[in-house]
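These numbers come from a predicted model, not from an experiment. Below, each value reflects all heavy atoms present in this structure, side chains not excepted, and no hydrogens, waters or symmetry copies.
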Amino acid sequence: MIGEGASAPGSIDRALTGLDEPVVFHLAGNTTTWSQQRAAQWRDNVGGTVTLLESAPRAGARRLVYTSSISSYGWQPGVRLREDSPSNVETKGDNYGRSKRAAEHLVHRAAAAGALSTVTLNPVNILGPGDVSNWARQLILPVANDSLPVVPPGHASWIAVHDVVDAHLAAVDAPLAGTNVILGGVEASFLEVVRTIAGLLDKPVPAAATPRPQLVALFAASQVKAALTRSEPELSLAKYRRATGNLVVDDALARRMLGLGRTSLEDMLAATIDWLREVDLLLHRRPRSARDERTYGRRGRRAGLRARRPGALARRAFRQRPVPGVRGATPARPRYA
């Protein structure tokens, strides 16, 4: 496993040294939506792929499984995306989507030249254990803390992380080469997702999504604040589009060729919540008592739980978990497409 410095040729060459026809899984990615980080994001997502495509053939890799994103198809709300759907990422997408699309082209070029056998996977929104910076941070922990500012009015497709992992493993020997495969999942509105989270956490269930005009106002305020403070906006254009869009895909190819599973929304959210509790980012439900009132306040007494900020605890949790069969290695912090 290659973590920091994955774009350095030496680190990849060393990781592949001594392996017999290795299979390379390229999951690294910079997922920021902040425009100020465009150069770094391009260096990580495109430059890192260039380096990997140079190193893998030298190591005699028999296949590269590249994890891209559905974002490489751009912003096409309501359009059911297929592998052969044209992308509008250059005109309607964000820099993350453009960088992933550019990396895809490099991977396809290597496959066409016969340098490497490749499969490119495009997952939708991923839910599951290991998430400390995406949907856990944006939805689950705020619901647990009674601090969710809005319930997005959009719809999307959601996939369990273990279904994504299984698809990656199936792609190793799948009779596919040089092609994209979309990894879809359950279609559900953000309101349905938030309601499911609230039910699992024994929290009040929202009656309706936030009206779009209110979300527009919040987006505008976020942009002004970011400009004044020169900091990352809380609600970027990419996040706004995701919150108000309608992401739907056709994943028939993945189901047919990779045996893609279909975990229910409740099961994938429950697994995420269980993992957050396991690593102490979310406390277990406590019995209501006078002690709860003193320790957690009125919110803690009513709900019986409180979330902790993802930070040092999460980093420590990852460092303490060794990778089976890899001496001295620890999992890289996962990023969700």
Side-chain angles (χ1 to χ4, degrees), residues 1-9 11-12 26-53 66-76 87-107 120-126 130-139 141-142 149-150 152 154 156 215-216 218-245 247 309-312 314-315 318 331-337:
M1 299 188 69
I2 307 168
E4 298 299 325
S7 60
S11 65
I12 297 178
H26 180 10
L27 297 98
N30 182 332
T31 62
T32 184
T33 61
W34 190 18
S35 60
Q36 296 298 318
Q37 297 295 323
R38 287 176 180 171
Q41 186 172 58
W42 197 267
R43 181 182 63 246
D44 293 341
N45 294 351
V46 181
T49 301
V50 169
T51 302
L52 187 59
L53 289 173
Y66 172 52
T67 310
S68 185
S69 168
I70 200 64
S71 295
S72 74
Y73 285 89
W75 189 61
Q76 304 186 56
S87 171
N88 65 4
V89 71
E90 294 299 328
T91 56
K92 296 289 184 68
D94 59 359
N95 192 68
Y96 171 64
R98 285 190 288 271
S99 69
K100 299 300 279 188
R101 193 69 171 183
E104 284 182 15
H105 288 322
L106 295 173
V107 172
T120 297
L121 304 181
N122 299 80
V124 294
N125 297 324
I126 303 174
D131 178 10
V132 296
S133 59
N134 197 19
W135 298 114
R137 182 178 177 182
Q138 295 180 57
L139 295 178
L141 296 180
V150 298
L215 208 62
V216 171
L218 289 172
F219 169 68
S222 176
Q223 299 305 300
V224 172
K225 179 181 177 181
L228 293 175
T229 61
R230 297 182 179 179
S231 60
E232 183 174 1
E234 297 176 5
L235 185 60
S236 64
L237 178 58
K239 290 181 179 178
Y240 170 79
R241 284 177 167 174
R242 184 189 301 172
T244 59
L247 172 62
R309 288 185 178 180
R315 290 192 292 272
F318 277 102
R333 177 175 172 175
R335 295 178 181 272
Y336 290 86

Exercise for review: Could you check Leu218 against Tyr240 for side chain to side chain contact (heavy atoms under 4.5 Å, CB included), going step by step and ending with a plain yes or no?
Suggested key: CA-CA 9 Å; Leu218 289 172; Tyr240 170 79; over 6 Å; no

Exercise for review: Carefully, step by step, assess Thr32 and Glu232 under the rule side chain to side chain contact (heavy atoms under 4.5 Å, CB included).
Suggested key: CA-CA 10 Å; Thr32 184; Glu232 183 174 1; 3.9 Å; yes

Review point. Should Tyr96 and Thr33 be marked as a side chain to side chain contact (heavy atoms under 4.5 Å, CB included) after you check the CA-CA gap, both sets of side-chain angles, and the distance that decides it?
Key: CA-CA 7 Å; Tyr96 171 64; Thr33 61; 5.6 Å; no

Review point. Is there a side chain to side chain contact (heavy atoms under 4.5 Å, CB included) between Arg101 and Ser87 once you walk through the steps?
Key: CA-CA 9 Å; Arg101 193 69 171 183; Ser87 171; 3.5 Å; yes

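What you find for Ser133 and Asp131 is that their closest heavy atoms are N-OD1, 3.2 Å. Contact detail for Asp94 and Gly97: the closest heavy-atom pair is OD1-N, 2.9 Å. Taking both residues in full, the closest heavy atoms of Arg137 and Leu141 are given as CA-CD1, 4.5 Å, listed atom of the first, atom of the second, then distance. Contact detail for Ser71 and Val89: the closest heavy-atom pair is O-CG2, 3.7 Å. Closest non-hydrogen pair, Arg38 versus Ser35, comes out as CG-O, 3.0 Å.
Under the 3.5 Å distance criterion, the side-chain polar atoms of Asn45 are matched with a main-chain donor or acceptor of Asn30. The backbone N or O of Val46 lies less than 3.5 Å from no partner atom in the side chain of Gln41, so there is not a single donor-acceptor pair. Listed for the Ser236 side chain is no donor-acceptor partner under 3.5 Å among the backbone atoms of Trp34.
Residues meeting the side-chain hydrogen bond (donor to acceptor under 3.5 Å, both in side chains) test with Asn122, sequence neighbours left out: Ser72, Glu104, Asn180. With sequence neighbours left out, the ring-ring contact (aromatic ring centres under 6.0 Å, His included) criterion links Tyr73 to no other residue. Contacts of Lys92 classified as salt bridge (Lys or Arg N to Asp or Glu O under 4.0 Å), with partners at least two apart in sequence or in another chain: none.
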